[in-house]
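Working notes for the structure below.
Quantities reported herein were computed from a predicted structural model and do not represent experimental measurements.
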Amino acid sequence: MTLETQALRDASAATSRPMRSWSPSSLVRRPEFGAFVATVFVYAFFAATAYRYGFVTFDGTAGWLNTAAELGIIAIPVGILMVAGEFDLSVGAVVGAASITVAIGTTLFDFSVWLMISAALALGLAVGVLNGLLVVRTGLPSFIVTLASSFSIGGLSLGLARLLSNTTSVSVKSTPLSDAVFASNWGQANISILWWFAITIFGGWVLARTAFGNWIFATGGNPVAARDAGVPTGFVKIVLFMMTGLGASLVGVIQAIGYHSGNATAGLGYVFQAPIVAVIGGVLLGGGYGSAFGVFLGTVIFGVINIGIFYTGWSTDWVQLFLGVLLMAAVITNHYFRRLAMSAG
C-alpha cells in the first residue's frame, strides 16, 4: 500500500459525514438526532405551559422564529466552521460593524443604501479572510485569533461611531427595495426567517452533496491525513471564515434596515450563542462531526426557550439555566452518538 493510498484512507476515516440511510439505527446515529429529540421536548413543554397565553398562535410562533432566524444566519456558518475544527468569536463585533457602517454611510455621508450594504458585506468577507489567513499562516488557535479580532473590530466600530456621530447609534436611510429585501414582514414574521431557511438548505447541501463538504469533514476530523491526501485544508478554513463573516455582516444589515438604526454594539450576544446552539445541534467541539440541520434545530431550541419563557411570565433569568442544561446534555450525547456512528462505519 502506498503512502498516498494510506493517507486517503485515513482522511476518509476521519470524515464523519452523517450517514444517509433512513433505517432507525442509522437515524439514531445522525448528529442532529439528539437536537431533534430536544426540540420536540422543549417545544412540547412550552406549548403545554404557555398555550393559554398565545405561545402556539401565529404571533407566538413568529416570535421564536424571528429570534432563531437572526441567530441561525450566523450559527449555520459558525457550526460548519466548527465541523472543520475552528472557532470564530469575531461574529458579534462584525454584526455591530456592519450595522454602523450602513448607518453612518447612508445618514452622515448620504451614500446609496445599496452601496453601504455592499460595503458592510464586503467588510464581513474581509474580516473572514484576515481571520483565516492568520489562523492558517501562523498556526495560532482560532479562538485566540478571532477573540483578538473581535476586540479590534468592536473597538474600531465604537471609536469611529463616536468620532463621526458622537454616539454609538445612528439612524439609517433606506429605500423601499432595501426594505423589501431585508425588512419585509408578514404580521409578526420577518423576512430574516426566509434568509435563515435558505442558508440552512445551502449549508446542508454543501456538507452532504459536494466535494467541498468532504473536505470540511476531513479537515476537522484529521487535518494531517487530509493534507496528505491532497485536501486544501488552508483554503477550506479561509473560505469558511469568510462565510462566518458574511453571515454576521448580513445580520448586521438586516438589523440596520429593519430597525432603521445602526448600532456599533449590536450583536455581542452572538459571540457565544452561535457556538452554543451549534453544539446543542450536534456539532463536536473537536471538529469532524455535525450537520447544518442540527445547527438549525439548535437555533430553534434557543428561540423557543427565549420566547417561551416570556409567554409563561417567568423571569428571563431561567433562559440561562435551560441553555446550560441543554449544552451539557448535548456535549455528552454528541460524543455518544459520534462513537455509534464511527463504530457503524
*Would a hydrophobic clustering, with Ile, Leu, Val, Met, Phe, Trp and Tyr connected at side-chain separations under 4.5 Å, put Ile191 with Phe197?*
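Shared cluster, yes.
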*asked:* Would you say Leu207 ends up clustered with Phe202 if hydrophobic residues are merged whenever their side chains have heavy atoms under 4.5 Å apart, either directly or through other cluster members?
replied: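 Hydrophobic grouping puts Phe202 with Leu207.
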Once rounded to the nearest 0.5 Å, what's the spacing between atom [atom1] of [X] and atom [atom2] of [Y]?
X      : Y      : atom1 : atom2 : answer
Met243 : Leu250 : CE    : CG    : 11.5 Å
Asn214 : Arg209 : CG    : CZ    : 11.5 Å
Leu321 : Ile305 : CG    : CD1   : 9.5 Å
Phe46  : Phe41  : CZ    : CZ    : 9.5 Å
Trp64  : Ile193 : CH2   : CD1   : 8.5 Å
Ile307 : Thr312 : CD1   : OG1   : 11.0 Å

Could you tell me whether the side chain of [Y] reaches within less than 4.5 Å of the side chain of [X], counting heavy atoms only?
X      : Y      : answer
Val172 : Tyr259 : no
Leu194 : Trp186 : yes
Leu123 : Val94  : no

*For residues Phe55 and Tyr43, establish whether the separation of their ring centroids is below 6.0 Å.*
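Yes, the ring centres sit under 6.0 Å apart.
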*Does Thr146 offer a backbone N or O that forms a donor-acceptor pair with the side chain of Ser150 under 3.5 Å?*
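Pair absent, no side-chain N/O of Ser150 close to backbone of Thr146.
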*Please list, chain by chain and in numerical order, all residues satisfying side-chain hydrogen bond (donor to acceptor under 3.5 Å, both in side chains) with Ser149, sequence neighbours excluded.*
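In terms of side-chain hydrogen bond (donor to acceptor under 3.5 Å, both in side chains), with neighbours along the sequence ignored, Ser149 is linked to Asn131.
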_For Phe235, I'd like to know if atom CZ has over 12 heavy atoms of other residues, nucleotides or ligands within 6.0 Å._
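Atom CZ in Phe235 is not crowded, with 12 or fewer foreign heavy atoms closer than 6.0 Å.
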*Heavy atoms from other residues, nucleotides or ligands near CZ of Phe36 exceed 12 (cutoff 6.0 Å)*: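 Check fails, neighbour count at 12 or below.
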What pairs of donor and acceptor atoms, side-chain ones from residues 66-87 against any protein atom, are under 3.5 angstrom apart with sequence neighbours left out?
| unit_1 | atom_1 | unit_2 | atom_2 | d |
| --- | --- | --- | --- | --- |
| Asn66 | OD1 | Asn190 | N | 2.9 |
| Asn66 | ND2 | Ala62 | O | 3.1 |
| Asn66 | ND2 | Gln188 | O | 2.6 |
| Thr67 | OG1 | Gly63 | O | 3.1 |
| Glu70 | OE1 | Gln255 | NE2 | 3.0 |
| Glu70 | OE1 | Tyr270 | OH | 3.3 |
| Glu86 | OE1 | Ser142 | OG | 2.7 |
| Glu86 | OE2 | Lys237 | NZ | 2.8 |

All N/O donor-acceptor pairs, side-chain side in residues 99-107, below 3.5 Å, sequence neighbours left out:
| unit_1 | atom_1 | unit_2 | atom_2 | d |
| --- | --- | --- | --- | --- |
| Ser99 | OG | Asn263 | N | 3.0 |
| Thr101 | OG1 | Ala97 | O | 2.6 |
| Thr106 | OG1 | Val102 | O | 2.8 |
| Thr106 | OG1 | Ala103 | O | 3.3 |
| Thr106 | OG1 | Lys173 | N | 3.3 |
| Thr107 | OG1 | Ala103 | O | 3.3 |
| Thr107 | OG1 | Ser171 | O | 2.4 |

